[in-house]
Structures are given as C-alpha cells and as structure tokens.
Amino acid sequence: MLDLRFVVANLGEVKKRLAARGGHATDALAPIEQLAAERRALIQSTETQRAEQKKASEQMRTLKGDEQAQLRARLKTLSDEVKEKDARLKEVEVSIEQALLNVPNLPHSSVPVGTSEKDNKVVREWGQKPAVSSPKEHTEIGEKLGLLDFERAAKVSGARFAFYRGALARLELALVQFFLDSARERGYLELIPPYLVNADSMRGTGQLPKFEEDLFKTTAGFYLIPTAEVPVTNYHRDEILSTMPLKYCAFSPCFRSEAGSYGKDTKGIIRQHQFHKVELVRFEEPDDALSALEQLVADAQAPLQKLGLHHRVVALCTADLGFSAEKTYDLEVWLPGQNAFREISSCSTFGDYQARRASIRFRPAQGEKPRLVATLNGSGLAVGRTVVAILENGQQPDGSVVLPEAIRPYMGGMERLT
RNA sequence: GGAGAGGUGGCCGAGAGGCUGAAGGCGCUGGUUUGCUAAACCAGUAUACGGCCCAAAGCUGUAUCGAGGGUUCGAAUCCCUCCCUCUCCGCCA
C-alpha cells in the first residue's frame with residue numbers, strides 16, 4: 001500500500017504514474033484528498049478534547065459531593081462528544097484504508113511504459129533453440145510415455161489437474177531438490193511454509209482485498225496459498241528486523257482458481273489449479289532493492305542455465321506489471337512444442353509496498369527510527385513448467401526424452417525417460 | 001473434539017477502577033570508577049498518529065497492557081465476543 005502522506009502531498013504525480021498501468025488504476029484514489037483532510041481535522045479536535053478530559057478527570061479524585069456531581073455531568077457531555085467524533089474518525093480511516101488497499105504500487109521509473117504485454121522488453125537471451133524435428137507438445141510426449149494422465153485427473157478432480165506417473169513424479173521432486181540446492185548455494189535459507197494462511201497474510205502481500213476470486217478458500221476460513229511468497233513474506237509481518245538482508249527459498253504447492261482464464265492453456269500442465277514451485281524471497285534495505293532484483297534474476301536463471309534450457313529475460317512494461325510490483329522481470333523458457341517462449345519465473349521488487357501493508361521494518365542503525373524494508377520475490381523456479389520444458393526440449397524422434405545432465409544425479413543416474 | 005490455565009514493554013515479572021507508558025529484575029546503550037577483564041555506581045532504553053518547525057533534531061499532545069466491542073466522568077484492572085498459547089483427556093499422519 002502507498003503511504004497516505006506521500007499520496008496526499010504528491011497527488012498529481014501519483015495519478016500520473018499510476019495512469020501508466022492503464023485501466024482503472026487511479027479510480028480508488030478519487031476520495032483520498034478530502035478524506036485525508038477530514039481525518040486530520042478530526043484527530044486534532046478529538047485530541048484537544050481528550051487532553052481537556054484527562055486534566056478534568058484528575059480533579060474528580062479530590063472533589064466531593066455536589067462539586068463532583070457537577071463536574072461529572074460536564075465530563076459526560078465531553079465524553080459523548082469525543083466518542084461521536086472518534087466513531088466518525090474510525091469510519092474515515094477505514095475508508096482511507098480501503099481506498100489505499102485498492103491502489104496498486106507505483107511502477108518504478110525504469111519500467112518501460114506500455115499498454116499491453118506486447119510492450120514488454122526483451123533484455124537478454126541465454127542459450128540457443130535446440131534442434132528438434134517436428135516437435136510435439138509435452139502433453140503428447142508425456143501421455144505417450146505413460147507419464148502423464150489427464151483423463152483420470154479429470155475424473156478424480158476436474159479440469160486443470162494432472163496425475164504424474166513413475167519417472168515423471170520422480171523428476172518433479174528431483175527438480176524441487178535441485179532448485180533448493182541451487183538456492184541454498186546462493187545464500188538462501190530453506191523454508192517449508194504453511195500452505196493455508198489467514199486473511200491478514202493475504203492482505204499483507206496484496207492478494208486481498210482485490211483478488212479474492214483468484215484464491216481458494218476453505219470452509220474454516222483459511223486461504224490456500226497461490227505462491228509461497230505469501231507465507232514467507234508474512235513470516236516477518238509486524239516485525240522490526242535486526243538482521244538484513246534476509247534471503248529465503250521455500251518449496252510449496254501453489255493453488256490458483258484461474259478465474260478468468262477460461263480457454264487459456266486448457267491443455268497440459270502449463271496452467272493448473274495446483275502446481276509446485278520453489279520461491280525465492282528477499283528482505284532488503286530500500287536503497288538496495290534494484291540491485292537485489294538483478295541478483296534475484298541471476299539466482300533464478302542459475303538452475304535454468306545448469307539445465308541448459310534456452311530462455312530469455314523480459315522486463316515487464318507498466319501495463320503488464322502485477323498489482324503490488326514496482327518492477328518485474330519474467331524469465332521465459334523456450335518450448336519447442338509450442339514454438340514459443342513461456343513464463344517460468346517472475347522476479348519482482350515491491351519496494352516498501354508490501355512492507356507497509358504487512359508492517360515489516362528494520363532499524364538502519366542503533367537508536368535510529370525503524371524504516372520499512374523492501375521485499376522481493378521470484379520463482380526459482382516453477383516446477384511443472386520446468387518439467388514441460390524438459391519434455392519438449394529433450395524429446396527425441398523415437399518418443400523418448402533425454403534428461404539434462406544436471407538433473408541426472410537427482411534421478412539416480414537416469415539419462416532418459418522412455 | 002472435551003476439561004482447565006493463561007496472554008502486561010527486547011525478555012522475566014508486579015499491578016486488581018483514577019497518582020501506571022506501566023513497580024522490580026534481566027538485557028541493551030552511554031557515562032563514572034578501574035592496571036586489563038569483571039564488578040560496582042549513575043543515566044538512558046518502545047511504537048504509531050497529530051502539533052510546533054523550511055527540514056532534521058528537539059519539544060509537545062493523543063493512543064497503545066492479545067484483538068474488537070461495552071460499562072464508567074475515568075479501564076491493564078469490571079462485562080461481552082473473538083483469537084492465540086500451555087496442561088490433561090480423546091482422536092490422528
């Protein structure tokens with residue numbers, strides 16, 4: 001969430017920067033200026049009255065009889081007035097909060113301005129497209145080898161689910177371990193987080209209140225996490241951190257309702273209601289956020305490079321930027337079967353936007369005031385999509401799949417899927 | 001799920017309607033003392049939101065004793081609801 005004082009003091013600039021996101025990004029801001037003024041007036045008058053009240057209350061202790069009764073009557077009136085104003089103040093603050101919670105983050109000045117994903121900028125490419133003759137999609141490869149079963153998954157659960165079988169199930173978990181090893185070597189501490197979280201956590205990272213329809217909610221009121229970003233960022237909610245920076249990697253399943261994506265990627269395991277991911281999360285000093293983002297991208301690229309998977313780094317434009325993000329790079333891996341680059345990681349800095357929502361701070365130095373941290377996160381990597389990439393990039397004319405060398409030690413030396 | 005106990009500052013722990021941002025201790029920071037270390041002594045030790053101020057510093061007001069509501073002129077203290085923790089029993093990977 002944005003800082004109220006900053007927004008009010010720089011309303012024009014804020015609107016201008018939000019407009020670059022397109023659509024209705026600035027709508028929620030409309031009533032802010034007036035509400036902020038009312039809030040200030042209410043605070044001033046209630047606090048003055050409260051001070052008066054406090055002083056008079058002191059006298060109550062010593063007064064007796066009629067005098068006390070009189071003062072009590074006067075204080076009763078004062079007390080009622082303060083309560084009334086307090087109630088109004090609360091309303092105003094709730095309105096402000098609601099408004100701010102629905103305002104997305106300001107794009108960083110280095111983010112390319114654009115109107116759709118077509119305006120995203122390719123920053124660099126790594127590797128080369130493999131020579132695959134008449135490439136097939138992962139669904140066909142997986143089903144032919146008996147490694148993927150969508151039909152039974154549809155029976156058991158519904159659309160957008162899959163059974164992995166045999167060596168593919170093994171590959172999935174091997175990749176998890178491989179990604180965690182890669183992250184640990186780069187200084188990230190492994191976490192296994194809760195997969196169900198409360199509403200406060202969802203608000204902290206920005207999924208709520210605006211994107212409730214994208215989430216699964218349990219009857220007990222828990223939300224299933226759409227990414228480990230949620231529990232891991234909220235790990236330090238309402239804290240003042242004494243060690244900085246902090247780097248975590250977390251394995252978790254991710255659950256997404258995929259509302260509004262009907263007809264998109266309906267085939268295969270590209271877009272599922274449930275998938276596995278290793279997430280990288282960093283807590284940084286604000287001034288380090290941008291350089292940390294570059295490191296984060298490198299950290300996410302590392303396992304892709306070890307696997308020898310051709311990919312590119314894309315800077316998202318203002319229109320494609322996520323709600324809470326200040327700046328984002330996507331990693332897109334080459335999929336021969338689709339003849340396209342597809343997102344396999346998304347690395348973002350959120351500046352202090354999430355930290356303000358979740359109240360995560362650090363103390364710059366002994367005796368100094370706490371400051372909001374910068375939060376960052378990125379996939380390192382999406383496991384299912386890596387499986388897709390391995391199937392499609394490693395496919396052979398005979399239908400088998402050659403595994404990247406880097407993963408073989410995690411597969412007991414297995415060299416190919418047959 | 002059943003029965004009970006409890007949630008107070010960085011930590012431990014008093015407090016039972018007004019003088020309590022909160023005794024005392026520990027820790028931490030600064031200082032004095034000291035051959036060094038230790039000890040002792042003195043002082044300081046929160047956060048948020050307002051105001052004064054160009055700003056910072058500083059000063060000042062208000063709020064904060066798990067959360068929210070209520071009673072009262074006045075609530076850490078009384079009442080209600082909720083959350084969390086612990087113990088015992090049951091169930092369970």
Side-chain angles (χ1 to χ4, degrees), chain A residues 1-10 32-101 173 192-204 208 217-223 231 234-244 246 251-253 286-287 352 355-373:
Chain A
M1 145 171 94
L2 302 177
D3 179 36
L4 174 63
R5 275 178 298 190
F6 177 82
V7 169
V8 170
N10 306 278
I32 276 272
E33 202 170 10
Q34 198 186 336
L35 287 169
E38 188 176 357
R39 170 176 175 274
R40 180 185 304 226
L42 282 167
I43 288 176
Q44 284 175 13
S45 82
T46 49
E47 291 198 344
T48 311
Q49 283 185 317
R50 222 191 284 270
E52 189 186 332
Q53 195 183 12
K54 221 174 160 179
K55 227 171 258 171
S57 279
E58 287 297 298
Q59 300 171 18
M60 286 297 289
R61 278 172 36 227
T62 51
L63 293 179
K64 293 236 163 62
D66 275 0
E67 281 188 324
Q68 198 193 42
Q70 275 177 20
L71 184 56
R72 174 179 298 139
R74 237 185 305 145
L75 281 177
K76 174 68 175 161
T77 321
L78 191 57
S79 164
D80 289 345
E81 254 176 65
V82 170
K83 270 180 197 166
E84 226 171 89
K85 279 188 193 165
D86 238 12
R88 175 62 192 153
L89 176 61
K90 207 163 272 181
E91 276 174 32
V92 169
E93 293 201 314
V94 167
S95 306
I96 290 174
E97 176 99 354
Q98 283 311 312
L100 285 178
L101 283 175
L173 293 174
I192 295 182
Y195 307 147
L196 295 166
V197 300
N198 56 34
D200 284 343
S201 294
M202 287 296 185
R203 225 180 333 268
L208 289 180
K217 189 178 184 179
T218 71
T219 52
F222 293 114
Y223 291 88
N234 281 281
Y235 186 61
H236 290 300
R237 173 149 50 86
D238 295 324
E239 290 186 20
I240 298 173
L241 304 179
S242 47
T243 318
M244 291 275 287
L246 287 169
F251 161 77
S252 87
D287 297 341
D352 61 15
R356 186 171 294 104
R357 283 174 166 246
S359 184
I360 308 169
R361 293 170 297 171
F362 73 106
R363 212 179 284 279
Q366 254 298 326
E368 277 187 46
K369 284 202 136 200
R371 262 185 94 185
L372 293 168
V373 305

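To find a chain, count down the sequence lines: A is the first, B the second, and so on, and within it residues start at 1.
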- Query: OP1 or OP2 of A46(B) less than 4.0 angstrom from a side-chain nitrogen or oxygen of Arg361(A), does that happen here?
  - Reply: no
- Which of C49(B), C73(B), A48(B) is nearest the side chain of Leu75(A)? It is C73(B)
- Any chance the side chains of Ser201(A) and Asn198(A) put a donor and an acceptor closer than 3.5 Å?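 Yes, because at least one side-chain N or O of Ser201(A) sits under 3.5 Å from a partner of the opposite role on Asn198(A).
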- Item | Nearest-angstrom distance, P atom, A3(B) to C49(B) | 43 Å
- Query: Can you tell me how far C1' in G9(B) sits from the matching atom in U47(B), rounded to whole Å?
  - Reply: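 One C1' to the other, the span is 10 Å.
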- Heavy-atom donor-acceptor pair, Gln44(A) side-chain to G51(B) base, under 3.5 Å: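 Donor-acceptor pair under 3.5 Å: no.
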For residues 69-76 of chain A, tabulate all N or O donor-acceptor pairs below 3.5 Å that involve a side-chain atom, not counting sequence neighbours.
none

Distances for protein N or O near nucleotides 18-23 of chain B N or O, under 3.5 Å:
from   : atom 1 : to       : atom 2 : distance (Å)
G18(B) : O2'    : Arg61(A) : NE     : 3.3
G18(B) : N2     : Ser57(A) : O      : 3.3

Which part of the nucleic acid does [X] contact within heavy-atom distance under 4.0 Å: base, sugar-phosphate only, or nothing?
X        : answer
Lys55(A) : nothing
Arg74(A) : nothing
Leu71(A) : nothing

- Message: Less than 4.0 angstrom from a charged side-chain N to a carboxylate O is my criterion; do Lys83(A) and Asp86(A) meet it?
- Response: no
- Taking only residues at least two apart or on different chains, which pairs with a member in residues 32-46 of chain A satisfy salt bridge (charged side-chain N to carboxylate O under 4.0 Å, His left out)?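 Only Glu38(A)-Arg88(A), Arg39(A)-Glu93(A) qualify under salt bridge (charged side-chain N to carboxylate O under 4.0 Å, His left out).
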- Task: Round to the nearest Å and state the distance from Lys85(A) atom NZ to G61(B) atom P.
- Result: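 In whole Å, G61(B) P lies 20 Å from Lys85(A) NZ.
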